[in-house]
Structures are given as C-alpha cells and as structure tokens.
There are 2 protein chains.
Amino acid sequence: MAAESELNTGLLLFIPYRALENRIFAALAEAGFDDFTPAQARVLQRVGPDGTRLTELAEQAQVTKQTAGFLVDQLEKAGYVTREPDPTDRRARLIRLAERARAAQPVAAAVVAEVEREWEEHLGKRRMRQLREALTVLREITDPWA
Amino acid sequence: MAAESELNTGLLLFIPYRALENRIFAALAEAGFDDFTPAQARVLQRVGPDGTRLTELAEQAQVTKQTAGFLVDQLEKAGYVTREPDPTDRRARLIRLAERARAAQPVAAAVVAEVEREWEEHLGKRRMRQLREALTVLREITDPWA
DNA sequence: CCAAATTAGTCAGAGACTCTGACCACTGTC
DNA sequence: GACAGTGGTCAGAGTCTCTGACTAATTTGG
C-alpha cells in the first residue's frame with residue numbers, strides 16, 4: 001500500500017518471479033502448448049518423475065485436493081498427465097507426466113535457462129550467486145514441505 | 001517438473017514470497033480483517049496514498065480493467081476503498097483507501113517487519129543485505145512498469 | 001483379529017475470479 | 001469539430017476454488 005523507494009522484500013521477490021512465469025508461459029504458448037492454464041501449470045510443475053499422488057500435489061500447490069483433482073482432470077483430458085493405480089496403496093492413484101508434458105519440458109527449461117542467463121548478465125556472476133545462495137538458505141525456514 | 005537439489009530461481013523466489021503472503025494474510029484475519037480475499041488484497045495493496053486510477057491498478061496487478069473493477073466493487077462494499085471523481089479528468093475516478101484499509105495497514109506492516117527480522121536472523125545481516133540488493137537491481141529488468 | 005481412527009480420493013453445489021466483446025463518456029489532436 | 005485514443009462500465013461465459021458429505025482402503029490399539 002506504499003510505493004517508496006524501498007519496497008518490501010515480498011514484492012521484490014514477486015516481481016522477478018512473475019516476470020519469469022510470464023516468459024515461460026509465453027514461450028510455451030508460442031511452441032503450441034497453449035491448451036493449459038496457469039492454475040493447471042502450477043499443478044503440472046509439481047508432478048515428480050515417478051508420479052505423484054493427488055494429495056501431495058494439492059499440498060505443494062496449496063490448494064484443496066478437490067481443486068487439485070479438478071485441475072488434474074483438465075490436464076488428463078489435454079493429454080499432459082495420466083492417472084495410474086498406486087501399487088503400494090489401493091486407495092491412491094499416481095499422477096504421471098504423459099507424452100505431451102514431456103514434450104513441453106525442454107521448451108520450458110530452455111526459457112528458464114535463457115532468463116537466468118539474462119539475469120546473471122545484468123547482476124553479474126557474483127551477485128547472481130549471492131542471490132541464489134540467499135534464497136536457498138531462506139528456503140530452510142520458508143518452505144513448509146521440504 | 002524436476003526436483004533435483006538445485007531448484008530453478010523462479011521457484012526459489014516464489015517459496016519465500018508465498019510464505020510472507022501467508023503470514024500477512026493470517027495476521028490480518030486474526031486481527032479481524034477477514035472480509036477480503038487474496039485477489040482483492042493484490043489490488044488493494046497497489047492503491048497509492050493519493051488515490052489510483054482503475055486502469056493503473058489493473059496494469060500493476062496484471063488483470064483486465066473489468067477484473068480490477070469487479071474487485072474494487074467488493075473492496076468498496078467492504079469499506080476498504082472509496083471511488084471519487086478525478087479532478088483532472090472527468091472520465092476517470094480515483095480509488096482511495098478508506099478508513100478500514102488504513103486501520104489494516106499497521107497490522108500488515110508489523111508482520112512484514114517481523115518476517116523480515118526473522119529472515120535477517122536466519123540469513124545474517126550481510127546475506128540479507130545482498131539479497132535485497134540483488135533483488136532491487138533485478139527489478140530494473142523485470143518490472144515492466146517502473 | 002477387529003473396531004476405530006486416519007488417509008486417499010470423489011461427488012455435488014456454491015461462490016469467487018477472470019476473461020472477451022460491446023459499449024458509452026471524455027480527452028487530446030489536427 | 002471530427003476522430004483516434006483513453007477511462008471505465010455492462011453483460012455473459014468459462015475457470016478456479018472452496019465447504020461439506022461421502023466411499024474405499026489402510027493403519028492403529030486393544
């Protein structure tokens with residue numbers, strides 16, 4: 001609610017985050033991956049290589065499992081994920097990345113690499129390293145599930 | 001879509017941002033300011049001390065002006081903002097903070113200060129300063145409207 | 001072993017958010 | 001003073017998210 005020269009750290013964190021997200025989204029759309037929404041992407045991003053349970057996705061994305069289920073439905077219809085029974089627990093099902101998601105990964109990774117390179121160029125190697133180090137340490141007390 | 005030890009910088013930025021936002025939201029709710037939503041808060045946060053036009057709020061919050069108008073309607077009904085004619089342009093109206101928003105500000109500010117103190121304690125003064133400096137410089141190339 | 005508590009997920013319904021498209025009122029320019 | 005541009009609203013639809021209630025499978029305690 002203020003706009004003095006010293007922004008609060010939260011907004012300072014958010015600004016580059018959103019810039020990166022926008023870039024990724026635009027690049028994916030340009031590459032033909034324009035059939036999913038930001039909300040779906042936030043869930044998709046958290047599907048692990050060996051599959052992930054719905055409840056776990058919901059926790060990490062900080063939504064209810066109903067919401068996560070709804071989003072996974074869309075992603076499944078669009079061919080980005082599959083649902084398979086979890087061999088270790090017959091109540092559960094594992095969400096796995098499908099072909100279309102694996103095709104999108106390199107595109108997203110390339111943009112992330114490109115943006116990080118731009119940032120490093122602007123900040124300088126030293127400050128970029130300091131930024132990542134500080135954020136990594138900060139994660140210890142701000143990441144509720146890790 | 002990956003979970004190696006080295007997270008991409010975007011996620012690293014997002015984790016503490018969300019942690020801070022959650023803290024602010026919880027504190028405001030506990031203080032009785034529980035009658036607004038996150039989406040409304042993101043708009044409210046951007047109302048300047050001398051009032052701000054709807055279009056400007058929309059740009060900064062990265063939503064359409066229709067969406068911003070919808071959110072301002074809610075905030076107005078809940079007593080957080082007022083709409084007044086802009087003396088310099090009869091098409092425009094200035095959104096201004098109302099009493100209830102001014103009452104909430106110190107609560108939010110206190111939480112931000114508290115969280116920043118915790119972060120500084122965990123990171124150390126030096127790394128905290130480096131973090132803020134890097135983010136401030138990064139803003140130069142990631143903040144589209146500033 | 002079995003009853004109770006817990007956990008994984010779904011279904012139903014409602015509210016909140018966001019968009020596109022169409023539109024009106026005012027401003028600034030030539 | 002027409003006209004392109006800007007500030008804002010109205011209408012309608014699609015998306016996201018939640019609460020509450022429920023089923024099925026697992027885990028726990030006696």
Side-chain angles (χ1 to χ4, degrees), chain A residues 18 21-22 25-26 28-29 33-48 50-78 80-96 145, chain B residues 18 21-22 25-26 28-29 33-48 50-78 80-96 145:
Chain A
R18 188 173 57 182
E21 195 180 61
N22 287 344
F25 216 74
L28 285 171
F33 299 103
D34 57 355
D35 53 349
F36 61 88
T37 66
Q40 291 165 24
R42 281 193 286 276
V43 166
L44 185 58
Q45 202 179 10
R46 286 168 168 87
V47 176
D50 302 322
T52 306
R53 291 188 186 175
L54 188 64
T55 306
E56 204 178 337
L57 288 179
E59 279 171 11
Q60 293 181 34
Q62 293 198 3
V63 295
T64 61
K65 51 188 180 172
Q66 293 91 323
T67 298
F70 173 81
L71 295 170
V72 167
D73 283 346
Q74 321 293 321
L75 287 168
E76 196 176 17
K77 275 177 204 150
Y80 286 98
V81 301
T82 57
R83 277 193 242 233
E84 298 170 20
D86 182 336
T88 72
D89 187 336
R90 263 190 296 172
R91 291 168 302 178
R93 300 161 76 184
L94 287 176
I95 319 295
R96 290 180 184 281
W145 91 278
Chain B
R18 187 172 58 183
E21 194 180 64
N22 286 345
F25 216 75
L28 284 171
F33 299 104
D34 57 354
D35 54 349
F36 62 88
T37 65
Q40 291 164 25
R42 282 192 286 274
V43 167
L44 185 58
Q45 204 180 7
R46 287 169 168 87
V47 177
D50 302 322
T52 306
R53 292 188 187 173
L54 187 64
T55 307
E56 204 177 339
L57 288 179
E59 278 170 11
Q60 294 182 33
Q62 291 198 2
V63 295
T64 61
K65 50 189 182 174
Q66 293 92 322
T67 298
F70 173 82
L71 295 170
V72 168
D73 284 346
Q74 322 291 320
L75 288 168
E76 196 175 16
K77 275 177 202 151
Y80 286 98
V81 301
T82 58
R83 276 193 242 234
E84 298 170 20
D86 183 334
T88 72
D89 189 334
R90 263 189 298 173
R91 290 169 301 179
R93 298 162 76 184
L94 287 175
I95 319 295
R96 289 180 184 282
W145 91 277

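Per chain, numbering begins at 1; letters A, B, ... match sequence-line order.
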Atom-pair distance ([atom1] on [X]; [atom2] on [N]), nearest Å:
X: A:Asp73; N: C:dA12; atom1: CG; atom2: P; answer: 12 Å
X: B:Glu59; N: C:dC19; atom1: CD; atom2: C1'; answer: 17 Å
X: A:Arg90; N: C:dT7; atom1: CZ; atom2: C1'; answer: 15 Å
X: A:Arg53; N: D:dA25; atom1: CZ; atom2: P; answer: 14 Å
X: A:Gln60; N: C:dA8; atom1: CD; atom2: P; answer: 13 Å
X: B:Asp34; N: C:dA16; atom1: CG; atom2: C1'; answer: 16 Å
X: A:Glu56; N: C:dT7; atom1: CD; atom2: C1'; answer: 14 Å
X: B:Leu54; N: C:dC24; atom1: CG; atom2: P; answer: 20 Å

Shortest non-hydrogen separation from B:Val43 to B:Ala61 and the atoms involved
CG2-CB, 4.4 Å
A:Thr52 to A:Arg46 - nearest heavy-atom pair and separation
OG1-O, 3.8 Å
[X] side chain near [Y] side chain, heavy-atom distance below 4.5 Å:
X: B:Ile95; Y: B:Arg53; result: no
X: A:Phe33; Y: A:Phe25; result: no
X: A:Arg42; Y: A:Glu21; result: yes
X: B:Gln62; Y: A:Asn22; result: yes
X: B:Tyr80; Y: B:Val47; result: no
X: A:Arg96; Y: A:Val81; result: no

Once you build an axis from the first five pairs and another from the last five of the helix from C:dC1-D:dG30 to C:dC30-D:dG1, how far apart in angle are they, to 10 degrees?
40°
Of the nucleotides C:dG9, C:dC26, C:dA8, which one has an atom closest to the side chain of A:Asp89?
C:dA8
Check salt bridge (Lys or Arg N to Asp or Glu O under 4.0 Å) between A:Arg90 and all other residues, then give those that pass, not counting sequence neighbours.
none
How does each nucleotide of nucleotides 15-24 of chain D score, in 5' to 3' order, for protein heavy atoms under 4.0 Å: base (B), sugar-phosphate only (S), or none (-)?
SBBBBB---B
